[in-house]
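Reviewing the structure listed below.
As a basis for the values below, the full set of heavy atoms in this structure was taken, side chains included, without hydrogen atoms, waters or symmetry mates. Start at 1 and go down the list; that is how both ligands and their atoms are numbered. What you see is a predicted model; the values in this text were computed from it and never measured.
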Amino acid sequence: MPMKDGNAYRESLRTLKLNVYAFGEKIDNVVDHPLFSPHINAAALTYELAHDPTAEDLVTTTSHLTGKKISRFTHIHQSTSDLVKKVKMLRMIANRTGTCFQRCVGFDAMNATYTVTYEMDQALGTHYHERFRQYLEYIQENDLMVAGSMTDPKGDRSLRPSQQADPDMYVHIVKKNEKGIVIRGAKAHQTGIVNSHEMLIMPTTALSAEDFAYAVACAVPTDAPGVLHIFGRQTNDERRLDGEIDQGNALYGIVGGEALTVLNDVFVPWERVFMAEEFKFAGLLVERFASYHRQNYGGCKGGVSDVIIGATAAMAEYSGTAKASHVKDKLTEMVHLTETLYSGSIACSAEGAPTPSGAYFVDPMLANTVKQNVTRYIYEICRLAHDIAGGFIATLPSEKDLHHPEIGQYVEKYFKGVASVATEDRIRMARLIENMTGGTALAESMHGAGSPQAQRVMILRQANLERKKSLAEKLAGIKAKN
Ligand code: SF4
Ligand code: FE
């Protein structure tokens, strides 16, 4: 089957029998619903760009399984060059969407599962890797969008999965038979899930022997019996239901469109099960996925920041402040922060190395460092955007007021900046800045790909403090202790 384009992707979503709720209602058709269409447009662009000669070098590649041309989003990294191209691709797409295009989570989940199943089979004599390769071939052949499903609701964070008052706080196996397994629980913050074809489920944390039933990795269609999606709210999402300008980025929306996905006794046939009770490998799968996903953030958030910088510079021009030296200095700072993020993503990719499976893995220390930087620098970039844009991004009247037959003239007159720029354009740019720097977008930079503390745990684990101490002791003339 040839790679899908944007329309084929949308049409393929129509064939799914998704069980989606939003705003207290069951949604029969996500594809044409204004609440979802911006997210779908962003994901559709990943399909469209595969057919764009200016983008296909980054967005497509050759399958190592079949030798066929495939979307990079379904690829297993075969070299550091593949890892670098991934980051470049993410920045390029984010430059066009100004927001999350969702398809990377499943991409990372597939790479993590590919590498870990290989190592698991080598250690335990299981046959998960071959199974996963067959699943991957199915994904590549049908050019499917896969959601990466890691985060469990977690209940009482001080307790292990098997100690929870409610055993469903983490996804677990409730039944096994010769045909497959039955799983129960939920996955939270599911980016792009309501417009994905498949979900690739992984454990959310390292597990001990008592937690064996929680060691489960498997693939489930997003419309499988027992799967229910409850769509999350975003800042200003109701604006999608009544107007265009006030949305800021009407075409692509704000971040990914997340949902809580409930798994009510979902049956998974063995050919889609890639870990079942092998608790010792849960931690490795989590770390692989987390590092692959943290690699991305200097790419996609770097690309989003490019747009924020552009919007901020344009706003300064529209308001007549562009020549002020402090404005230039703040823009310089925004660029510096953005390029620092990007450098980290490129570095962790260039320093990648092959895993036993042959697939390449990023440098986990540098990948965690870049994501940790995102949790700070994006806030600073947005703070500077707010500083330069001015307070009116928080007090703007609605587009209905702008177009009102009586009062529209006052909005038009008093929100004017420099004479050469139309008031509506100044308002549009302000709304874009509001959209890109507001609540949901910022929180996603903090917690997407794992909360800051999760990176700090990994950073310290990778730090090799003993080696650093011995470097210092040597220079200080302190004799080795053993
Ligand atoms: Fe991809 Fe970035 Fe969205 Fe994550 S936040 S899915 S890396 S675009
Ligand atoms: Fe994310």
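Y138 and Y135 have tilted rings, their planes meeting at an angle from 30° to 60° on a 0 to 90° scale.
The closest donor-acceptor contact from the side chain of E278 to the backbone of A276 lies under 3.5 Å. No side-chain donor-acceptor contact under 3.5 Å links D363 to the backbone of G352.
Evaluation of the ring pair (Phe, Tyr, Trp, His ring centres under 6.0 Å) test over residues 349-375, restricted to residues two or more places apart or in two chains, returns Y292-F361.
Residues P364 and E287 have side chains not in contact (no heavy-atom distance under 4.5 Å, counting atoms from C-beta outward).
Counting only non-hydrogen atoms, the option in Y292, F101, F107 that gets closest to atom 8 (S) of ligand 1 is F101.
Atoms of ligand 1 found under 4.0 Å from any heavy atom of H293 (numbered from 1 in listed order, with element): 4 (Fe), 7 (S). In the vicinity of N296, heavy-atom distances shorter than 4.0 Å reach the ligand 1 atoms 7 (S). Residue-ligand proximity, C104 to ligand 1, at heavy-atom distances under 4.0 Å covers atoms 1 (Fe), 6 (S), 7 (S), 8 (S). Near V105, the atoms of ligand 1 lying under 4.0 angstrom from a non-hydrogen atom of the residue are 6 (S). Ligand-side atoms of ligand 1 in range of K301: 5 (S), range being under 4.0 angstrom from any heavy atom.
Residue side and main chain included, C300 places an N/O/S atom under 2.8 Å of atom 2 (Fe) of ligand 1. Residue C100 counts as close to atom 3 (Fe) of ligand 1, with an N, O or S atom under 2.8 Å.
Take F289 and apply the ring-ring contact (aromatic ring centres under 6.0 Å, His included) test, not counting sequence neighbours, and it matches H293.
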